[in-house]
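Being a predicted model, the structure only gives us computed values, none of them experimental.
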Amino acid sequence: MKIDIARQPLVPAFMTLFALAVAAMCAGIPVSDTSGAVRDALPLLGGQLARFQAAYPVWSKFAAGFMLLFTGMCAGRITIRYNLYTVGTCLPIPLYAIVACGIATGGNYLAGFAASMLLALATKNYCRAFCNGYGFDAIFRASLYLGLMPLVYAPALPLLLLLPLAVLLFRRTFREVVVATAGLLLPIFTACHVSRGSGAEFTAPLGTVGQAAIEGMPLQLFLDIPLPALVMAGGIVLLDLTALFFFLADIYAAGTKPRFILFYNIGILVLALTLLCSPAATPEAFALLAVPSAILIPVFFVRIHRGMALPVYQIFLAAAFAGIF
């Protein structure tokens with residue numbers, strides 16, 4: 001029996017996701033991060049998550065494992081609901097874990113996986129807002145998740161550009177733009193009010209997030225991670241670019257809605273790659289890259305011969321497990 005990995009059903013996809021999540025929680029991440037300097041560099045909610053991770057390492061691993069499972073299933077649901085590849089496949093589910101766990105996890109893994117989960121939820125709701133009529137609820141939720149991301153992981157600040165990208169691609173009205181802007185600004189304004197209530201300056205959270213987002217050296221991330229992780233990251237980016245080439249070569253193979261959703265995820269991929277080159281980027285940023293990669297890479301597997309797709313998938317799956325252990 002020949003296995004067609006491009007049409008992977010739900011059960012093996014989920015089992016692979018679950019196996020990678022368990023492996024990452026057991027062997028791929030440190031027990032805790034006790035570095036005060038690293039925790040203090042995280043803004044607001046990210047700092048709280050880092051303190052929780054240091055105080056409760058076991059519960060933090062369970063929480064991180066749940067985030068991995070939830071985000072992987074969320075990415076898979078997006079692709080199935082909108083039929084992005086013209087064939088039914090659950091391949092994005094394990095691909096998310098391969099990228100998120102197989103490259104480099106980082107010491108503050110809880111904040112990284114939380115930011116990745118927020119990005120997946122924002123993507124899911126922006127796709128829901130691409131509809132006939134008004135999509136106030138979906139676009140507000142998406143923008144709210146997007147606004148929370150810099151409070152969890154400051155280098156994700158450039159991803160706020162996803163709001164205007166979604167408005168332009170999905171052709172939202174001015175009323176929806178107003179609602180989306182309110183959702184985007186709500187988290188930071190809430191943090192500012194909490195700061196003022198605690199006796200600090202009203203604009204202190206803005207300064208904290210801004211400073212944490214720009215400190216460091218550009219491209220420092222690629223000097224900090226080990227060579228195997230760097231090779232794995234290069235392989236994932238190569239798959240992303242190849243999938244992008246296949247998509248652009250036959251751009252009208254998908255319907256209108258799937259085509260624009262894939263365009264949107266290409267925008268996420270570009271911003272995520274830009275984020276990796278930013279001064280403040282840390283290994284946790286690879287969890288953000290995992291969301292658009294999981295959605296785009298199946299385009300590559302669907303378009304190539306299944307005799308070639310299976311060994312390529314197996315190589316990256318084995319490399320992910322090797323990187324974890």
| request: Kindly determine whether L206 and C192 satisfy side chain to side chain contact (heavy atoms under 4.5 Å, CB included), including the steps that lead there. | output: CA-CA 8 Å; L206 294 173; C192 290; 4.1 Å; yes
| task | Could you give me the CA-CA distance, side-chain angles and deciding distance for E176 and Y134, then say whether side chain to side chain contact (heavy atoms under 4.5 Å, CB included) is met? | result | CA-CA 7 Å; E176 289 170 303; Y134 294 115; 4.0 Å; yes
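Y153 and T282 form a side-chain donor-acceptor contact under 3.5 Å, judged by distance and modelled atom types alone.
A chain of hydrophobic side-chain contacts below 4.5 Å, direct or via other Ile, Leu, Val, Met, Phe, Trp or Tyr residues, connects L296 to L248. Both I295 and Y313 sit in one connected hydrophobic cluster of ILVMFWY residues. Membership requires side-chain heavy atoms under 4.5 Å apart, directly or through other members. A single hydrophobic cluster is seen to contain both L160 and F189, as judged by linkage of ILVMFWY side chains at heavy-atom distances under 4.5 Å, directly or through other members. Put simply, V302 and L10 are part of two different groups of oily side chains (I, L, V, M, F, W, Y) that touch within less than 4.5 Å, one to the next. Hydrophobic clustering (side-chain heavy atoms under 4.5 Å, transitive across Ile, Leu, Val, Met, Phe, Trp, Tyr) groups W59 together with M117.
L310 CG to F301 CZ: the interatomic distance, rounded to the nearest 0.5 Å, is 9.5 Å. Of the inter-residue distances, the one linking L184 atom CG with Y145 atom OH reads 14.5 Å to the nearest 0.5 angstrom. Rounding to the nearest 0.5 Å gives a distance of 10.5 Å between CG of N265 and CG of L169. Interatomic distance, CG of L157 versus CE of M149, reported as 9.5 Å (0.5 Å rounding). To the nearest 0.5 Å, atom NZ of residue K61 and atom CG of residue L68 are 12.5 Å apart. Note that CG of L289 and CG of L269 are 6.5 Å apart. Values are rounded to the nearest 0.5 Å.
Looking at F245 and L241, their side chains never come closer than 4.5 Å, going by heavy atoms from C-beta outward. For the pair L95/F316, no side-chain contact is recorded, criterion being any heavy-atom separation below 4.5 Å from C-beta on. Taking 4.5 Å as the limit, every side-chain heavy atom of L20 sits out of range of all side-chain heavy atoms of L17. Within the 4.5 Å cutoff, the side chain of L49 has no heavy atoms near those of the N108 side chain. Considering only heavy atoms from C-beta on, I266 stays 4.5 Å or farther from P292 through its side chain. Within the 4.5 Å cutoff, no side-chain heavy atoms of I236 are placed close to those of F286. Under the 4.5 Å side-chain criterion, counting only non-hydrogen atoms from C-beta, V299 is not in contact with L84. Side-chain contact between L162 and L119 is present, with at least one heavy-atom pair separated by less than 4.5 Å.
Scored by the ring-ring contact (aromatic ring centres under 6.0 Å, His included) test, F263 finds F247 as partners (sequence neighbours excluded). Applying the side-chain hydrogen bond (donor to acceptor under 3.5 Å, both in side chains) rule to Q220 yields the partners D224; only residues at least two apart in sequence or on another chain are considered.
Shown are C74, P92, S116; of these, the side-chain contact (heavy atoms from CB on, under 4.5 Å) with V291 is made only by S116.
Proximity of a side-chain donor or acceptor of Q8 to a complementary backbone N or O of A13 within less than 3.5 Å is detected. Side-chain atoms of E284 come within 3.5 Å of backbone atoms of G107 as a donor-acceptor pair (strictly under, hydrogens ignored). A donor-acceptor pair is defined here as one N or O able to donate and one able to accept, closer than 3.5 Å; such a pair exists between the side chain of R172 and the backbone of F170. With R141 contributing its side chain and N125 its backbone, the two residues share no donor-acceptor pair below 3.5 Å. Judged purely by atom type and a 3.5 angstrom limit, S278 uses its side chain to pair as donor or acceptor with the backbone of L275. A distance-only check finds a donor-acceptor pair linking the side chain of S60 to the backbone of Y56 [under 3.5 Å].
Evaluation of the side-chain hydrogen bond (donor to acceptor under 3.5 Å, both in side chains) test over residues 66-93, restricted to residues two or more places apart or in two chains, returns none. Among residues at least two apart or in separate chains, there is no side-chain hydrogen bond (donor to acceptor under 3.5 Å, both in side chains) pair with a member in residues 315-325. Residue pairs satisfying the side-chain hydrogen bond (donor to acceptor under 3.5 Å, both in side chains) criterion with at least one member in residues 316-325, sequence neighbours excluded, are absent.
Counting heavy atoms of neighbouring residues, nucleotides and ligands inside a 6.0 Å radius, atom CZ of F18 does not exceed 12 of them. Within a 6.0 Å sphere centred on CZ of F222, other residues, nucleotides and ligands contribute more than 12 heavy atoms. When the shell of 6.0 Å around CD of Q314 is examined, it contains more than 12 heavy atoms from other residues, nucleotides or ligands.
Scanning both residues, A129 and G135, for their nearest heavy atoms gives CB-O, 4.2 Å. L146 and L163 get closest at one heavy-atom pair: CD2-N, 3.8 Å. Across all non-hydrogen atoms, the minimal contact from G72 to I93 is O-CG1, 3.6 Å. A pairwise comparison of heavy atoms in F113 and A100 identifies CE2-O, 4.1 Å as the closest pair. Closest of all the heavy-atom pairs between I80 and C90 is CD1-SG, 3.6 Å. Between G102 and M232, the closest heavy-atom pair is O-CG, 3.7 Å.
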Output a table of donor-acceptor pairs, distance under 3.5 Å, between side-chain atoms of residues 252-261 and any protein atom two or more places apart or on a different chain; print 'none' if there are none.
{"unit_1": "K257", "atom_1": "NZ", "unit_2": "F130", "atom_2": "O", "d": "3.1"}
{"unit_1": "R259", "atom_1": "NH1", "unit_2": "A254", "atom_2": "O", "d": "3.2"}

